[in-house]
Amino acid sequence: SFGTRHRTLYSGSASIVSDTLLAHATAARRFNWIPKLAALGAPVTTGGSAQRLSEAVRQNDIEGVKVLLAQDADPLDGMDPALPRALRTPDNNDVLLDLLLDHVVRVQKKSLAEMRRSPVEDMLWDPATISTTRLRKLLKAGASGEKLSGRSIDAAFAAPDRNVARLLIE
């Protein structure tokens, strides 16, 4: 019997679901298996799940995020994309946001400007996450500050840091 400190390959799942062995190893946090799978010929740079990436961001799992990004998981894809989720973390913890933005800029599967809802909008949605530093990072990575909702514009002008609104106007 496994204690709570142990995870099976299938992360406690009683049934085997359809997915790659790499995806199962990643979900079970068996990152040390990835080089072994690569040595056996398994593709280890494809198949990263956007859903698992978002979950890793939610759990503040920096190593998991790095592994999933290396597997080409898209931080802008899925029902609950990882990038907006990273924007909901406290302002003093931008490690995950920086990893995701770096991946978006380097890989450029999609641009931030192509997103249905701008990540700038996501940042302005919660007063606790509004930050000039984050806004600069998003704009530098290609996010659009245009076509924001009235609520987001109001939030920018009501932000304690007046530079947020000034940066959007520029």
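Values in this document were obtained by computation on a predicted structure and should not be read as measured data.
Each of Leu100, Leu139, Leu83, Leu124 was compared with Pro119 under the side-chain contact (heavy atoms from CB on, under 4.5 Å) criterion, and only Leu83 meets it.
Between Thr89 and Leu97, every side-chain heavy-atom pair lies at or beyond the 4.5 Å cut-off. The side-chain heavy atoms of Lys66 and Ile62, taken from C-beta on, include a pair separated by under 4.5 Å. Using a 4.5 Å heavy-atom cutoff, the side chains of Leu168 and Leu148 are in contact. You'll find the side chain of Val105 stays beyond 4.5 Å of the side chain of Leu112, heavy atoms only. Counting only heavy atoms from C-beta outward, the side chains of Pro75 and Leu69 approach each other to under 4.5 Å.
Pairing each heavy atom of Pro84 with each of Pro81, the nearest pair is CD-O, 3.3 Å. Taking each heavy atom of Met123 and Leu135 in turn, the nearest pair found is SD-N, 3.7 Å. The two residues Ala73 and Ala50 have their closest heavy-atom pair at CB-N, 4.4 Å. Considering every non-hydrogen atom in both Asp74 and Leu76, the closest pair reads OD1-N, 2.9 Å.
Taking hydrophobic clusters as Ile, Leu, Val, Met, Phe, Trp and Tyr residues chained together by side-chain heavy-atom distances below 4.5 Å, Ile130 shares a cluster with Ile169.
In this structure, Ser118 contributes its side chain and Ser144 its backbone to a donor-acceptor pair below 3.5 Å. Remark: the backbone N or O of Thr129 is not paired with any side-chain donor or acceptor of Arg88 at under 3.5 angstrom. A donor-acceptor pair under 3.5 Å links the side-chain atoms of Asp61 to the main chain of Gly64, judged by distance alone. No donor-acceptor distance shorter than 3.5 angstrom exists from the side chain of Ser54 to the backbone of Gln51, with no hydrogens or angles considered. For Arg52 (side chain) and Leu68 (main-chain N/O), no donor-acceptor pair under 3.5 Å exists by modelled atom type.
To the nearest 0.5 Å, atom NZ of residue Lys147 and atom CD of residue Glu121 are 12.5 Å apart.
At most 12 non-hydrogen atoms from other residues, nucleotides or ligands lie less than 6.0 angstrom from CD of Glu146.
Trp125 carries Arg117 over the face of its six-membered ring, with the cationic atom under 6.0 Å from the centre and within 45° of the normal.
Between Lys137 and Asp98 there is a salt bridge, since a side-chain N of the basic residue sits under 4.0 Å from a carboxylate O of the acidic one. Glu55 has a carboxylate O that lies under 4.0 Å from a charged side-chain N of Arg58, or vice versa, which qualifies the two as a salt bridge.
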